[in-house]
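Since the structure is predicted, the reported quantities are computational estimates derived from the model, not experimental observations. Only this structure's heavy atoms are used, side chains among them; waters, hydrogens and symmetry mates stay out.
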Amino acid sequence: MDAQQLSTLDDAAYEQVAKDNAHPPARDPETWAALTHPANINRTREAYTAMLARTAATLKHRRIERDAFQQDCFARGEAGKQEWFASRPDYERWRGRAGNFHQTMQKALADLGRAQKNINRSTNHSVAQENREKLRQLAVAVSRHQAAHARSGGIAEQCDYELWRLLDQITVPMGPTGEPTTLRTMLDIYWTDVEPVTAQRAAEDRAEAMMREAPGGQSARFSGVPRARHVGNGKHLA
């Protein structure tokens, strides 16, 4: 039974399913997953809490009845005492079963508590990731605003400086120890989009580097005597 099917059951049927899967060895994994699904876990908790409350009330009621019965039996002398002691085995067996059921409900509620913590952690992680992504988008927008302003050569206003300064003031946790890292550092190392380098682009980069190393920005292959003075130019200057 999946979470959607479980959610369509009425209260009595739902409680029966929860009861049948309260004891870990008797649980059906798929049904337990449905019972602890975020859409159903609150209803499951209500079912176990209700069963636990009813069992506790029944145990208390029977104990009060038992005490009254004991007083009545002992008031009737030896015959009453014999009746009291004769009734003890049945009562103790019932009390043992009821006590075991009560403990099972308590353990099931504890398991639900652990499942709820996992849901909360997952939800909090998802929210944190969403907030982190929104912060990244904001930091990228501020960085682009600063870059565009630098390209335009305009005079920055005080509000511009205050906005750009936030990239060096706001931090996010990074690494296993949650080291505070500024947004600008995040942009420089983690949040900057990098395009993959193609073979053609790599060749162009090497050619550009070679040109930068040559005298006057020329390739080393053509450094030295100008081409106009080479043999074959008709001027016989070589």
Side-chain angles (χ1 to χ4, degrees), residues 2-4 6-7 32-49 108-224:
D2 61 22
Q4 178 61 33
L6 186 65
S7 66
W32 180 251
L35 286 166
T36 57
H37 189 277
N40 295 326
I41 192 168
N42 288 335
R43 190 179 181 189
T44 304
R45 184 183 296 105
E46 291 173 358
Y48 285 140
T49 301
L109 278 172
D111 291 342
L112 280 184
R114 285 186 283 271
Q116 184 67 64
K117 288 182 180 179
N118 291 334
I119 292 173
N120 293 344
R121 277 195 294 267
S122 178
T123 301
N124 291 339
H125 178 72
S126 178
V127 171
Q129 288 298 101
E130 291 178 4
N131 291 340
R132 196 180 185 92
E133 173 58 20
K134 292 176 182 177
L135 187 59
R136 184 195 71 82
Q137 294 173 2
L138 178 61
V140 169
V142 172
S143 179
R144 288 175 177 171
H145 174 267
Q146 186 176 14
H149 201 283
R151 285 194 301 269
S152 68
I155 300 176
E157 301 291 340
Q158 182 61 32
C159 58
D160 294 319
Y161 287 115
E162 292 177 358
L163 177 64
W164 302 337
R165 194 179 300 124
L166 293 177
L167 295 177
D168 301 303
Q169 295 176 338
I170 299 177
T171 63
V172 294
M174 276 298 297
T177 60
E179 185 70 21
T181 307
T182 65
L183 297 184
R184 194 177 299 279
T185 300
M186 293 296 295
L187 286 169
D188 292 341
I189 300 177
Y190 303 104
W191 287 348
T192 301
D193 295 332
V194 178
E195 296 179 356
V197 178
T198 63
Q200 180 180 355
R201 178 58 183 274
E204 292 173 353
D205 290 344
R206 288 193 296 271
E208 181 179 351
M210 183 182 297
M211 290 294 291
R212 290 180 182 278
E213 293 172 359
Q218 294 178 329
S219 172
R221 292 177 55 196
F222 303 106
S223 61

Q: Check the pair Arg114 / Asp111 against side chain to side chain contact (heavy atoms under 4.5 Å, CB included), numbers first and verdict last.
A: CA-CA 5 Å; Arg114 285 186 283 271; Asp111 291 342; 2.3 Å; yes
Q. Taking atom CD of Gln158 as the centre, does the number of heavy atoms from other residues, nucleotides or ligands within less than 6.0 Å exceed 12?
A. yes
Q.
On a heavy-atom basis, which atom in Asp2 and which in Ala34 lie closest, and how many Å separate them?
A. C-CB, 3.5 Å
**Q.** Results of side chain to side chain contact (heavy atoms under 4.5 Å, CB included) for Arg43 - residues two or more places apart only
**A.** Asp11, Tyr14
Q: Just do the side chain to side chain contact (heavy atoms under 4.5 Å, CB included) check on Ile41 and Ile119 with the steps written out, would you?
A: CA-CA 10 Å; Ile41 192 168; Ile119 292 173; 3.9 Å; yes
(Q) Testing the basics here: between Asn42 and Arg45, what is the closest heavy-atom pair and its distance to 0.1 Å? (A) OD1-NH1, 2.8 Å
Q | Thr171 OG1 to Arg184 CZ distance, which is reported to the nearest 0.5 Å | A | 14.0 Å
Q: Calculate, to the nearest 0.5 Å, the distance between atoms CG and CG belonging to Leu138 and Leu183 respectively.
A: 8.0 Å
Q.
So, using side chain to side chain contact (heavy atoms under 4.5 Å, CB included) as the criterion, who are the partners of Gln137 when residues are at least two apart?
A. Glu133
Q. When rounded to the nearest 0.5 angstrom, what distance separates NZ in Lys134 from CD in Gln129?
A. 12.5 Å
Q.
Tell me the closest heavy-atom pair linking Tyr48 and Leu35, and the distance in Å.
A. OH-CD1, 4.4 Å
Q) Charged N to carboxylate O under 4.0 angstrom, Asp168 versus Arg165? A) no
Q) Does a donor on one side chain and an acceptor on the other come within less than 3.5 Å for Asn120 and Gln116? A) yes
Q.
Would you compute the distance between atom CG of Leu112 and atom OG1 of Thr44 and round it to the nearest 0.5 angstrom?
A. 6.0 Å
**Q.** From CG (Leu167) to CG (Asp188), nearest 0.5 Å
**A.** 9.5 Å
**Q.** Asn118 side, atom CG; Thr36 side, atom OG1 - distance, nearest 0.5 Å
**A.** 9.0 Å
Q. Taking all atoms of both residues into account, what is the closest heavy-atom pair of His149 and Ile155, and its distance?
A. CE1-C, 3.5 Å
Q: Return the orientation label for the Tyr161 and Trp164 ring planes: parallel under 30°, perpendicular over 60°, tilted otherwise.
A: perpendicular
Q) Is the backbone of Gly175 close enough, under 3.5 Å, to the side chain of Thr177 for a donor and an acceptor to pair up by distance? A) no
Q. Can you name the closest pair of heavy atoms from Ala3 and Asn40 and give their distance?
A. O-ND2, 3.1 Å
